[in-house]
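Please read the structure below before turning to the comments.
The chains referred to below are lettered A, B, ... by the order of the sequence lines, with proteins before strands, and numbering in each begins at 1. In this text the structure is predicted, and so the values were computed from the model without any measurement. Values reported hereafter were calculated over all heavy atoms of this structure, with side chains retained and with hydrogens, waters and symmetry mates removed.
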Number of protein chains: 2
Amino acid sequence: MELERQVEELRSLLGEAAVLTGAEDLSRYTRPYRGVPGPTPAVVRPADVDQVRAVVGWARRHRVRLLPQGANSGLAGASTPPPAGAHPAPVVVSLERLDREPMVDPVDRTAEVAAGTRLSRLNTAALPHGLVLPIDLGADPSLGGMVATNTGGARMLRHGDMRRHVLGVRAVTADADCTVVDERTTLRKHNVGPSLTQWFIGTSGAFGIVTDVVVDLGRLPAARACAWMIPRDAVAALETILLLERSYGRWLEAFEVLSAEALEAAVREVGDRGPFGSRPSPWLSALVEFSGGEESEEVLVGALDDLTSRSLISDAVVVPPVRAWAYRHAVTDGLQRSGTVLGFDVSVPRSHLPPFRDRVREAVASVAPQAIVADFGHWGDGGIHCNVVLPAGVTVEAPIRVALDEAVIGTACAEFGGSFSAEHGVGPRNAGWWTSTTGIGTRSLVAGLKQVFDPLGVLGHPGLPYRWEPGSS
Amino acid sequence: MELERQVEELRSLLGEAAVLTGAEDLSRYTRPYRGVPGPTPAVVRPADVDQVRAVVGWARRHRVRLLPQGANSGLAGASTPPPAGAHPAPVVVSLERLDREPMVDPVDRTAEVAAGTRLSRLNTAALPHGLVLPIDLGADPSLGGMVATNTGGARMLRHGDMRRHVLGVRAVTADADCTVVDERTTLRKHNVGPSLTQWFIGTSGAFGIVTDVVVDLGRLPAARACAWMIPRDAVAALETILLLERSYGRWLEAFEVLSAEALEAAVREVGDRGPFGSRPSPWLSALVEFSGGEESEEVLVGALDDLTSRSLISDAVVVPPVRAWAYRHAVTDGLQRSGTVLGFDVSVPRSHLPPFRDRVREAVASVAPQAIVADFGHWGDGGIHCNVVLPAGVTVEAPIRVALDEAVIGTACAEFGGSFSAEHGVGPRNAGWWTSTTGIGTRSLVAGLKQVFDPLGVLGHPGLPYRWEPGSS
């Protein structure tokens, strides 16, 4: 059979251990964090940049589509194969063997990291130098995946997204030469015209396979302090952010807001009485983190007094950071256990967060009256995870799913100038929104760029929208 | 005459006032900040995005090259026409009429600004809200120019470069449709795949003409405090940066190091006794700025005591910020007055700054024994302006210029993993270094991208290296 011969060729190019085809071996690579697994004929695991190049050359020769995969912790569906039948099954390129000890430079405050290396390994290597890659999220992604999805996270308010930390990457494109773009540098001032690196950030592997990443590291603060607080209302939560930025901006590290529904699910998951103990559960609550010197907690307590005296908050409690974040990180699993969850990762200008919440609740109720909107997110940046929870066991039929998409994402984009993807990036889950919210001129330019990097269309999830297929609009 | 008819067509498209052809009118647009003016048949001044589009369409029809120009304060030579004879003279597109009151949003901490609006106007509009675009430099550039050159500056150590502040741009490309790419957004969490905006940042107008910019603003600190200090030696200057980052990172805003030659020129220019008064003039000095709350000066004094007790510095004096920066900003003019200056804007990993300074002095001395190296720059980021000063009135012949290029830029790039352009960007002055330090595969991809955005090659300075001319290597 044709495909078998092709896989044999791959084995001869990369060695036996590099190519997996057994059903059990494959399942680990084909199951997404959320959603339905899709089929793949093989998983190939290159061990260095030359092997990545060999794989890309092989894919070009045989017109086989490659699906690059990091730690498979993405939430937009771009790292696992599509369901059977939708497209020819792609070959998964796992980058997990591109993993070696990160090269941390404590004087330049940088690290060069292989694409398959996990964030936790980088931070373990950086720790003895008092350094960290300050991108904070629940999962433990690979550095290559963080580039491909332009990871944001809970501390983006202070530290920015992955794009802000990437100094340069090495990547393999799928042009006729399988060009290795090598822009690795530890320089911060390196203003030398076109940065191809930017083209690999946030583009889900559709323009090249990242093999190495050089990042700018931050300093670990001497201390952190956290509090949970109850804003008077949603507008007061917004005013609280502004006051904190104005008067305590150098300490403010994160500001997360949870709906009552989200906090309740988190507390159930943690299994204690919650951050506010026996006091009444709030309808809206916020987690704030200050970081800096040893005085951080003292400054935070002063800030809470300040907020209380201005009647912006009705209650506040200082909670040790690990415990404080445990509630925040338990939200997703807690909701998952409470029903059927549809996750929406949207953003609006933060000034519009209070009316947006109200409008989304109305819009969802009109589509699915039995649904609960359990929203939570990074209010400091305008990011809000609008998780819609339906009773456990309910099957969400396609028309309802589409109507809920419209109720949440459509409301964010059309009524509030918001975004269909705040931080998860683009994948088959939200590719349609990219197409409908991007001008035809821009889409045509993107298709032209895709043609430069990948003229045969062998790179990335087949559900990504960047290639202009003949006959598509 | 053909050209006259074409210019007439431009007048009929945009109106009389939009097209300048008189020699006196033109001179303001053809003289660079440094270097030799070049000829242009006309300066066209579109007043809105539709007029920019009309100009690009006109240029495509007649195969005339357009040279976008902001405030003409760039230092890489990309904003004024090349010397007569080198290339067909381009038409200058001045964006100065794309200037209107910036739209500042104090809650979202953003501003939408027209490309021709100056940084000073933006900051005047942001001031009442306690906001600022925290990119600090001697000139007063336009926002479009800041995008096109990816401006860095003296506070990049804390605030990053222009790329970090741009949320999205609107730009006109020169593809067959003269596509208007509109990625204006005030969203911070907007992770929606390919960002064409990135392709207009730092690329000197070669891929599109930016008409509008949306930026993320920072908060103006309540207070600033500055000191001039004398590091024990170059290695101690580096250790000082590390200590300040480690223990005072939340206050550190800038760290500039000046050679004796640079400080002497600055003090002569300011016309007083200098920051250290009657004390001996140092061989190396540093300007440090802390910013934050009212306690900033107190914290700075504590930091200076700390540095003194560790013998990293031999002297320090707190100087009011305006006076402190006056010396720093007087360096360029002061040197200009002391002889014939060749400016080199390079960077190396900051860990390599001390040996790099020594090597550059050796290399320059072997080429031009009468030259003085007056280096100064942004040590916190590894940026260093290696200005080479020759006796006044000396004409620098081309072979000496080439040899000095090699002595400074060549040393930075080849021996220290440095950059030929730290912050000024790419223009005809350093285009050759782009070609020689960029791999052929990457250059080929860049040429492919240029083909997508500007297939006829009508955009940007003709000395930019991104187009693959038939027969070039």
Query raised in the report: Is the distance between the ring centroids of F200(A) and F453(A) less than 6.0 Å?
Result: yes
Query - Toward chain B, the part of T186(A) with a non-hydrogen atom under 4.5 Å - result: side chain
Requested in this report: Please determine, among V107(B), T179(B), V426(B), the option with the most heavy-atom pairs under 4.5 Å with chain A.
Outcome: V107(B)
Query raised in the report: Which one of R155(A), R250(A), E253(A) satisfies the side chain to side chain donor-acceptor pair (under 3.5 Å) criterion with S291(A)?
Result: E253(A)
Requested in this report: Say whether S421(B) and S419(B), considering side chains only, have a donor N or O and an acceptor N or O under 3.5 Å apart.
Outcome: no
Requested in this report: Side chain from CB out, backbone as N, CA, C, O: work out which of these in L187(A) comes under 4.5 Å of a heavy atom of chain B, or both, or neither.
Outcome: side chain
Query raised in the report: How are the rings of H385(B) and H378(B) set relative to one another: parallel (under 30°), tilted (30 to 60°) or perpendicular (over 60°)?
Result: perpendicular
Report task. Could you check which of H352(B), R109(B), E239(B), Q451(B) has the highest count of heavy-atom pairs closer than 4.5 Å to chain A? Result -> R109(B)
Query raised in the report: Are D182(B) and R184(B) ion-paired here, with the side-chain N under 4.0 Å from a carboxylate O?
Result: yes
Report summary line: Turns out that what part of R158(A) lies under 4.5 Å from chain B's heavy atoms comes down to side chain
Report summary line: Residue from G383(B), G425(B), G418(B) scoring the most non-hydrogen pairs under 4.5 Å with chain A is G425(B)
Query raised in the report: If you tally heavy-atom pairs under 4.5 Å against chain B, which of V181(A), T149(A), N150(A), T110(A) wins?
Result: N150(A)
Query - S444(B), part contacting chain A, at a heavy-atom distance under 4.5 Å - result: neither
**Report entry** Residue part contacting chain B, namely of N430(A), when any heavy atom lies under 4.5 Å
**Finding:** neither
Requested in this report: Could you check if a side-chain atom of T151(B) sits within less than 4.5 angstrom of a side-chain atom of L137(B), using non-hydrogen atoms only?
Outcome: yes
Query raised in the report: How close do V56(B) and C178(B) get, heavy atom to heavy atom, and via which atoms?
Result: CG1-SG, 3.9 Å
Report summary line: Of all heavy-atom pairs linking P349(A) and G417(A), the shortest is CD-O, 3.8 Å
Report task. Side chain from CB out, backbone as N, CA, C, O: work out which of these in H424(A) comes under 4.5 Å of a heavy atom of chain B, or both, or neither. Result -> backbone
Query raised in the report: Is chain B contacted by the side chain of R164(A), its backbone, both, or neither, given a heavy-atom distance below 4.5 Å?
Result: both
Query - pair R350(A)-D381(A): side-chain heavy atoms closer than 4.5 Å - result: no
Query raised in the report: Could you go step by step and tell me if S351(A) and D108(B) meet the side chain to side chain donor-acceptor pair (under 3.5 Å) rule?
Result: CA-CA 6 Å; S351(A) 55; D108(B) 290 324; 2.9 Å; yes
Report summary line: What one should report as the nearest heavy-atom pair of G293(B) and A222(B) is CA-CB, 4.1 Å
Query raised in the report: How are the rings of W199(B) and W199(A) set to each other: parallel, tilted or perpendicular (split at 30° and 60°)?
Result: perpendicular
Query raised in the report: For D177(B), is it the side chain, the backbone, both, or neither that has a heavy atom closer than 4.5 Å to a heavy atom of chain A?
Result: neither
Query - Among the listed options R188(B), K450(B), R163(B), the residue most often paired with chain A at heavy-atom distances under 4.5 Å - result: R163(B)
Report task. Give the minimum heavy-atom separation between V214(A) and E112(A), together with the two atoms involved. Result -> CG2-CG, 4.0 Å
Query - residues 241-248 of chain B: residues contacting chain A (heavy atom under 4.5 Å, by number) - result: L242(B), E245(B), R246(B)
Report summary line: Turns out that what part of F207(A) lies under 4.5 Å from chain B's heavy atoms comes down to side chain
Query raised in the report: Which of the residues G193(B), S347(B), P194(B) is involved in the greatest number of heavy-atom pairs with chain A at under 4.5 angstrom?
Result: P194(B)
Query raised in the report: If you count heavy-atom pairs under 4.5 Å between each of G152(B), G160(B), G439(B), S195(B) and chain A, which one has the most?
Result: S195(B)
Requested in this report: Check whether the side chains of H190(A) and E183(A) place a donor and an acceptor atom closer than 3.5 Å, and report yes or no.
Outcome: no
Query raised in the report: With only heavy atoms counted, which part of P106(A) is less than 4.5 Å from chain B, the side chain, the backbone, both or neither?
Result: backbone
Report task. Taking atom types as modelled, find out whether D175(B) and T173(B) have a side-chain donor-acceptor pair closer than 3.5 angstrom. Result -> yes
Query raised in the report: Quick one: of L157(A), V180(A), V446(A), who has the most non-hydrogen atom pairs under 4.5 Å with chain B?
Result: V446(A)
